[in-house]
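What follows is one structure encoded as C-alpha cells, with my remarks underneath.
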Amino acid sequence: MMATLICVPYAGGSAQVYKRWTGKLHPSLRLVPAELAGRGSRMGQPFYRNTTEAVQDLMPMVREAASRPEPYALFGHSMGSLLVYELLHALIEEKVPLPIAAFLSGRGAPHCELEQQRRLHELPDDKFLDEVKGLGGMPAELFQHRELLNLFLPILRADFKLVGEYEPQKRKPLPLRLTILSGKEDSTVKGLLSEWEPYATGGCDRVLFEGGHFFVHEQEKDVVSLINKTLTEVPALI
C-alpha cells in the first residue's frame with residue numbers, strides 16, 4: 001500500500017528543499033513537499049502573521065491526505081517542525097485522522113524553546129544576516145548577490161518573526177509516538193531531546209545525526225533511510 005509523506009520546510013525554505021528526496025524515498029511513499037505562502041510557486045502571496053495562519057493554510061493539504069484510503073505521515077524541520085507540531089493539535093481539534101508517523105526535526109520541545117526564544121527578526125539587516133549565516137544551510141552565493149538577497153530577506157524575516165513570537169499552549173499529550181531528529185552539533189536546539197517525551201502518549205524515538213542544524217542536508221542519505229525504515233515497518237504498508 002502507498003503512503004503520503006507531507007514535508008514542511010524550515011525558515012526561508014520552499015517546497016524545493018525536499019524535492020531532492022524524489023527517487024530516494026521507498027517506492028511505497030508519495031512525496032508531497034508543502035509550499036508555504038510568500039515563496040517558490042506562491043511568491044507574492046502574503047506571509048503568515050503567526051503559526052495559526054500557517055496551520056490554517058496547511059490544513060487543506062493534510063485533510064486531503066487524511067481522506068485517502070492509504071495512510072500519511074508528516075515531516076518538518078526547524079520551523080517546519082513547529083508547524084507540524086501545531087498541525088497535529090489542529091487535526092485532533094477537527095477530529096481528522098492522525099498520521100501514522102510524525103517526524104519533528106531540528107527543534108527542541110516547546111517549553112524549552114520558549115525559555116530561550118530570541119527575536120532575531122528585530123535585528124538590523126547586517127546582524128540578522130550574520131545570525132542566519134551562522135545557522136548554515138544557505139548557499140554562499142545568496143549573500144553575495146544583493147538582488148537575490150533583497151528578494152529573500154523579507155521571507156527570512158517573516159519566518160523568524162513567526163517562530164520568535166510563537167507561544168505554546170498547555171495541552172494534552174498527542175495520542176501517538178513522535179520521532180525526534182537532531183544534529184549532534186546543533187547548538188540552536190534548546191533543552192534535552194528527552195524533554196519531548198511528555199508531549200506524546202506514545203513517547204518519542206530520538207535519533208541523532210552527525211552535523212549541525214542542517215544535518216538534514218549534510219546527512220540526507222541517513223535521514224531518508226530513517227524515514228523509509230520507519231514508514232515501511234508500519235503494518236499497513238507491509
Side-chain angles (χ1 to χ4, degrees), residues 5-27 29-36 39-40 73-85 101-110 112-113 116 118 120 128-145 148-149 152-153 155-157 159-160 162-164 178-196 204-233:
L5 175 64
I6 297 174
C7 297
V8 185
Y10 44 79
S14 70
Q16 199 64 37
V17 301
Y18 292 115
K19 287 183 179 177
R20 54 196 287 171
W21 290 3
T22 304
K24 299 175 183 178
L25 288 166
H26 190 274
L29 301 178
R30 181 174 72 98
L31 177 65
V32 179
E35 190 74 279
L36 304 179
R39 77 229 45 215
L74 299 175
F75 180 99
H77 180 70
S78 196
M79 180 184 76
S81 175
L82 167 60
L83 295 181
V84 167
Y85 171 73
F103 302 90
L104 303 182
S105 171
R107 188 169 172 85
C112 295
E113 292 287 348
Q116 299 289 334
R118 300 174 66 196
L120 299 181
F128 176 68
L129 290 173
D130 283 343
E131 292 283 350
V132 173
K133 285 179 187 178
L135 295 175
M138 304 296 175
E141 55 268 24
L142 175 66
F143 299 98
Q144 297 165 4
H145 294 83
L148 279 177
L149 200 55
F152 198 56
L153 192 55
I155 298 171
L156 278 171
R157 281 198 180 279
D159 287 351
F160 274 80
L162 182 151
V163 173
L178 299 172
T179 301
I180 309 298
L181 294 73
S182 184
K184 292 180 181 178
E185 290 81 46
D186 187 356
S187 60
T188 71
V189 172
K190 307 306 177 186
L192 300 173
L193 296 188
S194 59
E195 296 283 355
W196 273 107
C204 302
D205 292 315
R206 304 187 297 277
V207 188
L208 288 172
F209 295 84
E210 297 295 334
H213 189 59
F214 284 97
F215 70 89
V216 286
H217 297 325
E218 299 163 8
Q219 308 297 335
E220 180 180 270
K221 182 179 178 181
D222 290 341
V223 171
V224 174
S225 177
L226 170 69
I227 294 170
N228 286 337
K229 183 175 186 296
T230 301
L231 296 183
T232 55
E233 287 181 351

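- Distance check: L192 CG to I180 CD1 gives 13.0 Å after rounding to the nearest 0.5 Å.
- Here Q219 pairs with nothing under the side-chain hydrogen bond (donor to acceptor under 3.5 Å, both in side chains) rule; sequence neighbours left out.
- Contacts of Q16 classified as side-chain hydrogen bond (donor to acceptor under 3.5 Å, both in side chains), with partners at least two apart in sequence or in another chain: none.
- Evaluation of the salt bridge (charged side-chain N to carboxylate O under 4.0 Å, His left out) rule for K19 yields no partner, not counting sequence neighbours.
- Smallest separation of non-hydrogen atoms from V163 and M79: CG2-CG, 3.5 Å.
- Side chains of L226 and F209 form a contact here, defined as non-hydrogen atoms less than 4.5 Å apart.
- In this structure, I227 and F103 approach most closely via the heavy-atom pair CA-CZ, 4.1 Å.
- Formation of a donor-acceptor pair under 3.5 Å by the D159 side chain with backbone atoms of G12 is found in this model.
- Of all heavy-atom pairs spanning P9 and S14, the tightest one is CB-O, 3.7 Å.
- Across A11 and L156, no two heavy atoms sit closer than the pair O-CD2, 4.1 Å.
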(message) As a quick check of understanding, evaluate side-chain contact (heavy atoms from CB on, under 4.5 Å) for C204 and L193, giving each step before the final call.
(response) CA-CA 9 Å; C204 302; L193 296 188; over 6 Å; no

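- Of the candidates V216, L25, L29, L25 is the only one forming a side chain to side chain contact (heavy atoms under 4.5 Å, CB included) with V224.
- Residues S105 and F75 approach most closely at CB-CZ, 3.9 Å, considering heavy atoms.
- Here OH of Y18 is found 9.0 Å from CG of L5. Values are rounded to the nearest 0.5 Å.
- We find the CD-CG distance between E233 and N228 to be 11.0 Å, quoted to the nearest 0.5 Å.
- Ring orientation note: the planes of H213 and H77 are tilted relative to one another, at an angle of 30° to 60°.
- Rounded to the nearest 0.5 Å, atoms CG (L104) and OG (S182) are 11.5 Å apart.
- The CG atom of L181 sits 10.0 Å away from atom CG of D205, with the distance rounded to the nearest 0.5 Å.
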(request) Could you walk me through whether Y85 and L178 pass side-chain contact (heavy atoms from CB on, under 4.5 Å), step by step? (result) CA-CA 10 Å; Y85 171 73; L178 299 172; 5.6 Å; no

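- Listed here is the closest heavy atom pair of P33 and A15: CB-O, 3.4 Å.
- Residues T232 and H26 have side chains that never bring a donor and an acceptor to within less than 3.5 angstrom of each other.
- A salt bridge links K184 and E210; the closest N-O separation between the charged side-chain nitrogens and carboxylate oxygens is under 4.0 Å.
- No donor-acceptor pair closer than 3.5 Å links the side chain of D186 to the backbone N or O of R107.
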(request) I would like to know whether R39 and E35 meet salt bridge (Lys or Arg N to Asp or Glu O under 4.0 Å); could you show each step before the answer? (result) CA-CA 7 Å; R39 77 229 45 215; E35 190 74 279; 5.5 Å; no

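- Ring orientation note: the planes of F214 and H217 are close to parallel, at an angle under 30° on the 30°/60° scale.
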